[in-house]
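Below is one structure, written out as structure tokens, with a few remarks after it.
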Number of protein chains: 2
Amino acid sequence: MSPERPRSRRGEGAQLKEEILVAAEELLLETGSEDEVSIRAVAERVGVTPPSIYRHFADKGTLLFEVCDRQFDRFHEYLDAKGSGHSDPVEALKATGRAYIEFGLSYPEHYRIMFMGRSDLTPQQYEDHVLAEHESFMALVGSVQECVDAGRIRTDAMEAATLLWTVTHGVTSLLIAKPNFPWPPVEVLVEHVLDMVEHGLFTPGPDETG
Amino acid sequence: MSPERPRSRRGEGAQLKEEILVAAEELLLETGSEDEVSIRAVAERVGVTPPSIYRHFADKGTLLFEVCDRQFDRFHEYLDAKGSGHSDPVEALKATGRAYIEFGLSYPEHYRIMFMGRSDLTPQQYEDHVLAEHESFMALVGSVQECVDAGRIRTDAMEAATLLWTVTHGVTSLLIAKPNFPWPPVEVLVEHVLDMVEHGLFTPGPDETG
DNA sequence: TGTACATCAGTGAACGCGCGTTCACTGATGTAC
DNA sequence: TGTACATCAGTGAACGCGCGTTCACTGATGTAC
């Protein structure tokens with residue numbers, strides 16, 4: 001194998017780790033399949049031999065895990081950004097829902113790994129029971145709580161947040177799994193779902209009449 | 001390999017086909033993973049050598065496809081049974097939703113293959129765009145149409161059916177993917193979701209006051 | 001300023017594994033005469 | 001009623017494949033004296 005990538009200088013070995021993570025992520029996005037992200041494929045893309053990967057990652061699982069980890073961070077940041085800056089707490093929640101679906105559809109294979117994969121293959125850090133304490137979910141519960149405090153929501157915050165999650169997940173995951181179904185335009189579908197949630201879960205705001 | 005299974009008598013070779021289908025389905029349910037359903041594993045369970053499989057199935061994909069096919073039939077039958085015999089069309093729809101989730105949770109790995117798998121790996125017969133014309137989905141649209149005819153629903157039937165599907169799918173698939181999340185009791189979650197749909201999508205019936 | 005040496009970033013070749021699949025075959029069994 | 005034969009239900013051994021991973025190594029480079 002001819003060296004396509006110039007060797008890092010002494011002390012800069014960690015550079016390769018970053019390149020490996022980027023390559024693995026690219027492969028995941030381009031091929032749309034976890035199976036295609038083999039150690040060999042990642043190594044080839046980076047321009048390095050397969051054993052080099054093991055200088056930076058204990059095994060394949062750890063590599064994929066770290067790829068997801070970065071994605072999770074971005075996921076949270078994005079939801080956070082889109083959910084803040086709204087005066088109406090219900091609007092903030094709807095904006096978060098929109099952002100959730102949007103992000104999932106932008107990174108379908110990441111979403112698949114994070115939320116559609118087999119539970120027993122999921123990296124430890126993202127095990128189901130930990131998710132509820134993850135900052136993203138906590139933020140959602142917080143946003144829901146604001147609606148509760150404003151007297152705009154019926155049930156308790158944790159339960160309503162769970163419900164919201166299942167609904168937005170439904171849209172996201174089904175669009176990912178069945179992209180060729182005769183869907184209405186995505187924006188229309190999303191707005192209808194959010195409208196349904198709003199009518200079904202929220203009481204009218206102060207400036208509306210019941 | 002010692003013959004664990006007595007050879008079928010002449011003319012009864014098709015018997016093995018049935019046994020293979022049953023074994024493959026059992027493996028799918030027990031291991032909970034499509035990957036575990038290898039030709040070798042199926043053959044071993046039946047008590048036959050791997051090449052025997054190829055007397056009845058062209059390749060591995062066809063075998064898995066036929067396993068799903070049978071499951072789809074049962075899926076449809078179950079929904080049909082649970083959805084019929086209701087005087088109120090909205091109640092009929094809610095019963096179908098309940099049955100949908102219940103069935104998915106009873107056969108999680110089948111559900112995974114049918115509705116959570118990669119679109120390009122899905123057997124031809126269940127490709128996304130065909131699904132909309134599948135009898136199960138048509139039946140759902142029909143049930144929704146009855147609600148429309150009774151003046152109980154806002155939007156058009158096809159769109160409302162799609163919406164209902166995404167919502168029930170959300171509950172089912174997330175419970176399958178994240179079984180250890182601190183969910184409320186399943187029945188509670190399901191009823192809350194269906195209530196939300198009812199309040200968000202339906203107008204009150206004639207004997208209720210708006 | 002020169003040289004020996006430890007360190008670091010990678011390489012090259014090979015390992016065992018389980019997989020789907022193929023191919024030539026065997027031996028029991030029903031059927032024709 | 002007996003026998004030759006075609007057919008059918010499977011077997012046994014092997015194929016090539018790509019995979020994750022290991023192990024002994026190489027050669028450039030910074031550092032100590």
Side-chain angles (χ1 to χ4, degrees), chain A residues 1-24 27-28 30-68 113 118 120-121 123, chain B residues 1-24 27-28 30-68 113 118 120-121 123:
Chain A
M1 181 160 297
S2 59
E4 300 163 20
R5 190 192 97 112
R7 176 178 298 233
S8 289
R9 308 180 71 184
R10 215 133 159 243
E12 295 173 9
Q15 167 75 19
L16 178 56
K17 181 169 185 175
E18 176 66 22
E19 290 178 37
I20 291 169
L21 283 168
V22 169
L27 272 172
L28 205 56
E30 288 171 21
T31 67
S33 166
E34 193 175 344
D35 295 344
E36 304 280 333
V37 187
S38 65
I39 292 286
R40 281 169 167 84
V42 173
E44 192 190 1
R45 167 159 299 221
V46 174
V48 111
T49 58
S52 305
I53 308 278
Y54 292 90
R55 294 185 62 79
H56 299 283
F57 300 92
D59 50 32
K60 194 194 170 185
T62 308
L63 167 55
L64 282 176
F65 161 91
E66 292 203 25
V67 170
C68 291
I113 291 174
R118 293 189 52 203
D120 52 341
L121 298 182
Chain B
M1 182 160 294
S2 59
E4 301 163 19
R5 189 194 96 111
R7 178 179 295 234
S8 290
R9 308 181 70 185
R10 210 129 164 252
E12 294 173 8
Q15 167 76 18
L16 178 55
K17 180 170 186 175
E18 176 66 22
E19 290 178 36
I20 291 169
L21 284 168
V22 170
L27 273 172
L28 204 56
E30 288 171 21
T31 67
S33 166
E34 193 175 344
D35 296 343
E36 304 280 333
V37 187
S38 65
I39 292 286
R40 280 169 167 85
V42 173
E44 192 190 2
R45 167 158 300 220
V46 174
V48 112
T49 59
S52 305
I53 308 278
Y54 291 89
R55 294 184 62 77
H56 299 283
F57 300 92
D59 51 33
K60 194 195 171 185
T62 307
L63 167 55
L64 281 175
F65 161 91
E66 292 204 25
V67 170
C68 291
I113 291 174
R118 292 189 52 205
D120 53 339
L121 299 181

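For the numbers below, each heavy atom of this structure counts, side chains included, while hydrogens, waters and symmetry mates do not. All figures in this text were calculated on a predicted structure; none of them were measured in a lab. Chain letters run A, B, ... following the sequence lines, proteins first, then strands; residues in each count from 1.
- Between Ala24(B) and Leu63(B) the shortest heavy-atom distance is CB-CD1, 4.2 Å.
- The side-chain contact (heavy atoms from CB on, under 4.5 Å) search around Ala14(B) returns none, not counting sequence neighbours.
- The interatomic distance linking Leu63(A) (CG) with dC19(D) (P) rounds to 14 Å, in whole Å.
- A heavy-atom distance below 4.0 Å to DNA chain D is reached by these residues of residues 13-22 of chain B, ordered by number: Gly13(B), Leu16(B).
- Residues that satisfy the salt bridge (Lys or Arg N to Asp or Glu O under 4.0 Å) test with Arg10(B), not counting sequence neighbours, are absent from this structure.
- If you measure from atom CZ of Arg55(A) to atom P of dT7(C), you get 14 Å, rounded to the nearest angstrom.
- Residues satisfying the side-chain contact (heavy atoms from CB on, under 4.5 Å) criterion with Arg55(B), sequence neighbours excluded, are absent altogether.
- Rounded to whole Å, the distance from CD1 on Ile39(B) to P on dG20(C) is 6 Å.
- Nucleotide dG12(C) holds its P atom 14 Å from the CD atom of Glu44(A), rounded to whole Å.
- Between the CD atom of Glu34(B) and the C1' atom of dG18(C) there is a distance of 17 Å, rounded to whole Å.
- OP1 or OP2 of dT11(D) lies within a sub-4.0 Å distance of a side-chain N or O belonging to Ser52(B).
- Evaluation of the salt bridge (Lys or Arg N to Asp or Glu O under 4.0 Å) rule for Glu34(B) yields no partner, not counting sequence neighbours.
- Counting only Watson-Crick or G-U wobble pairs whose defining distances are both under 3.5 Å, the stems of 3 or more consecutive pairs in DNA chain D are C:2-33 with D:2-33.
- Between Ile20(B) and Val46(B) the shortest heavy-atom distance is CA-CG2, 3.9 Å.
- The side-chain contact (heavy atoms from CB on, under 4.5 Å) test applied to Thr31(A) returns Leu27(A), Ser33(A), Glu36(A), not counting sequence neighbours.
- The distance between atom CD of Glu36(A) and atom C1' of dG18(D), rounded to the nearest whole Å, is 12 Å.
- The separation between Arg40(A) atom CZ and dC19(D) atom C1' is 6 Å, rounded to whole Å.
- By the salt bridge (Lys or Arg N to Asp or Glu O under 4.0 Å) test, Arg118(B) is found to be paired with Asp120(B), residues two or more places apart in sequence or in another chain being considered.
- Every residue two or more places apart in sequence or in another chain was checked for a side-chain hydrogen bond (donor to acceptor under 3.5 Å, both in side chains) with Ser38(B), and none qualifies.
- Ser8(A) pairs by the side-chain contact (heavy atoms from CB on, under 4.5 Å) definition with Arg5(A), Glu12(A), Gln15(A), not counting sequence neighbours.
- Between Ser38(A) and dC19(D) there is a side-chain N or O to OP1 or OP2 distance below 4.0 Å.
- Every residue two or more places apart in sequence or in another chain that forms a side-chain hydrogen bond (donor to acceptor under 3.5 Å, both in side chains) with Glu30(A) is listed here: Arg45(A).
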Look for any protein N or O under 3.5 Å of an N or O in nucleotides 22-29 of chain D and output each such pair with its distance, or none.
unit_1: dT29(D); atom_1: O2; unit_2: Arg10(A); atom_2: NH1; d: 2.8

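- Summarising the geometry, the separation between NZ on Lys60(A) and C1' on dC19(D) is reported as 8 Å, rounded to the nearest angstrom.
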